[in-house]
Amino acid sequence: MVLFDSSISPLTHSAKLSSPLLLSSLSHRPLRYAVLGAGFAGLSVAWHLLKESPKDLNLHIDLYDEMGIGGGASGVSGGLLHPYSPKVKLLWRGAECWKECMKLLSIAEQAVSSEEDLVSLSGEFGQDFEIIDKNAAEKLVPNIHMPFNLAFYMPEAINVNSKYYLNALFLACQNIVKELSASGFGKKNLCLQKKSVYELRELEGKQCFLRHGDGKNVENKFVLWWTPENGEYDAVIICLGAKADLLPELAGKLPLRTCRGVILHLQLPDNIGEDYPDHGPSILSDAWLAIKGNRNLYLGSTWEWKSRNSSSNVSTDEASDALQELLPKASAIYPGITSWSFAGARAGLRAMPPLTPHGSLPLLGCVNNILGNDLICKYWLLGGLGSRGLLYHGWL
């Protein structure tokens, strides 16, 4: 559940990746996909490709991410899941996205043991919130400060452990591969490739050159054909977030803005007896508090626009600056946070989409027209999920 403080290219192409164009005349070999990125978007794409492909289809998916599952901005996410804007307006397709995200959360939960704490609260979302006064808010969080005597309470919002969730969803993908392959129909494969893709042409294979000459006097070489190391891909789905703009073929061509965000981990010292209340809500205000139990929380987030730093590591100076920025904002609503101690910091680089009349919407579509006509396979992009990757990732 979440408590709001009151003071506080869009999906342009919806064609399915398993279109007849990609499925035709490939019975002699598996249909091959490369999914770049193992965060919210990449794992959702991998799951849906496996789930929605015909059972008798031979399918091979390579999932590329040099940092592994959830090693980028998705794994750093605070995990606050709800379908509302900061002005408490239902986001574009918020109800649909919520429904699809809940399905994926359920799938991930089923894939792991009950010991894994993926969410702090789950359930069907009624798209409703309660307007409560200070007295009602203090029953949820004692000593909370509400300057306007008004807050919006969402009892059915969810606090997701993003890193655990992503690993659980990957496990669910592996499980469905085993299940479908054992059915006796088409064979399915999913391989995690822990390496970087620096250029999209790497996925098309090796260049072979033809040379003219007698061995001593060799004329200029030229490209004759491509020979893929593992067989050419039929489609590449780019789910790299802000790193998509680092690919030379896409650099400067996507309507994305980058923004680095630092999230702080705070703990309540053992000598402080006043725990955060059991089942107390997370708080959204000028800063947000993602509650992870009675004595642990995450505080976020900073917004460093135009940053190109995608490292999750946070220097001492960067953490100190973030603490000085975020702590006053958080203590204005929850004064008790000044008793909590700094326990660590992490960061991620967001890919923020352009603003539209409907808000900031993710980007989805084929990008071959951007890349040029000399490429062999189809290239798709799912990106620009911004700070709402957890909400939007299930809606394809």
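The basis for the numbers below is simple: all heavy atoms, side chains too, and nothing from hydrogens, waters or symmetry mates. Since we're looking at a predicted model, the values are computed, not measured. Counting from 1, the numbers follow the sequence of the chain as shown.
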side-chain contact (heavy atoms from CB on, under 4.5 Å) assessment of V197 paired with L240: CA-CA 10 Å; V197 175; L240 291 172; 6.0 Å; no

Just checking, any donor-acceptor pair under 3.5 angstrom between side chains of E179 and S183? no

Does some side-chain heavy atom of M102 sit less than 4.5 Å from a side-chain heavy atom of L105? yes

Kindly write out the residues that satisfy side chain to side chain donor-acceptor pair (under 3.5 Å) with Y276, not counting sequence neighbours, or none if the list is empty. none

Between H82 and F152, is the ring-ring contact (aromatic ring centres under 6.0 Å, His included) condition met? List the steps. CA-CA 13 Å; H82 61 85; F152 300 93; over 10 Å; no

For A345 and L264 the tightest heavy-atom approach is CB-CD2, 3.8 Å

Say whether, by atom type as modelled, one donor and one acceptor occur between the side chain of N368 and the main chain of Y379 under 3.5 angstrom. yes

Only one of V236, L50, L49 forms a side-chain contact (heavy atoms from CB on, under 4.5 Å) with Y33, so which one is it? L49

I'd like to know if the side chain of K188 and the backbone of K55 have a donor-acceptor N/O pair within less than 3.5 Å. yes

Return the CD1 to CG distance between I238 and L254, rounded to the nearest 0.5 Å. 8.0 Å

Begin from the C-alpha positions of L256 and L363 and carry the test side-chain contact (heavy atoms from CB on, under 4.5 Å) through to its verdict. CA-CA 9 Å; L256 296 175; L363 304 174; 3.5 Å; yes

Main-chain N/O of I69 paired to K163 side chain as donor or acceptor, under 3.5 Å: yes

Tell me whether S331 contacts the main-chain N or O of Y334 through its side chain, where contact means a donor paired with an acceptor under 3.5 Å. no

So does V76 get a backbone contact from the side chain of S162, meaning a donor-acceptor N/O pair under 3.5 Å? no

Pairing of K99 and E96 as salt bridge, 4.0 angstrom limit: no

Kindly say whether F185 contributes a backbone atom to a donor-acceptor pair with the side chain of D56 at under 3.5 angstrom? no

Non-hydrogen side-chain atoms of L381 and I370 separated by less than 4.5 Å: no

Relative to each other, are the rings of H265 and Y298 parallel, tilted or perpendicular (30° and 60° limits)? tilted

For F40, is there any backbone N or O sitting under 3.5 Å from a side-chain donor or acceptor partner on S44? no

Scan residues 237-256 for pairs that pass salt bridge (charged side-chain N to carboxylate O under 4.0 Å, His left out), counting only residues two or more places apart or in two chains. E66-K243, D245-R308

Measure the shortest side-chain to side-chain distance between R260 and T302 over non-hydrogen atoms and say whether it is less than 4.5 angstrom. no

Could you tell me which residues satisfy side chain to side chain donor-acceptor pair (under 3.5 Å) with D275, sequence neighbours excluded, listed by chain and number? R295

Please report the shortest heavy-atom distance between V262 and A322, naming the atom on each side. CG1-CB, 3.7 Å

So do L140 and P277 actually touch side chain to side chain, heavy atoms under 4.5 Å? no

Residues S301 and W303: closest non-hydrogen pair is O-CD1, 3.3 Å

Passing candidate, ring-ring contact (aromatic ring centres under 6.0 Å, His included) with H393, options W47, Y165, W98: Y165

Whether the K292 and N161 side chains hold a donor-acceptor pair (N or O, under 3.5 Å, no angle test) is what I'd like checked. no

Which pair of non-hydrogen atoms, one from G42 and one from L63, has the smallest distance, and what is that distance? O-CD1, 4.3 Å

Expected output: side-chain Q324 to main-chain D321 donor-acceptor under 3.5 Å: no

So do P30 and K187 actually touch side chain to side chain, heavy atoms under 4.5 Å? no

Keeping the roles fixed (side chain from S307, backbone from N309), state whether a donor-acceptor pair exists under 3.5 Å. yes

Mind checking whether L59 and N189 have side chains closer than 4.5 Å, heavy atoms only? no

For M352, does the CE atom sit with more than 12 other heavy atoms under 6.0 Å from it, leaving out its own atoms? yes

Indicate whether any N or O donor in one side chain lies under 3.5 Å from an N or O acceptor in the other, for D62 and H60. yes

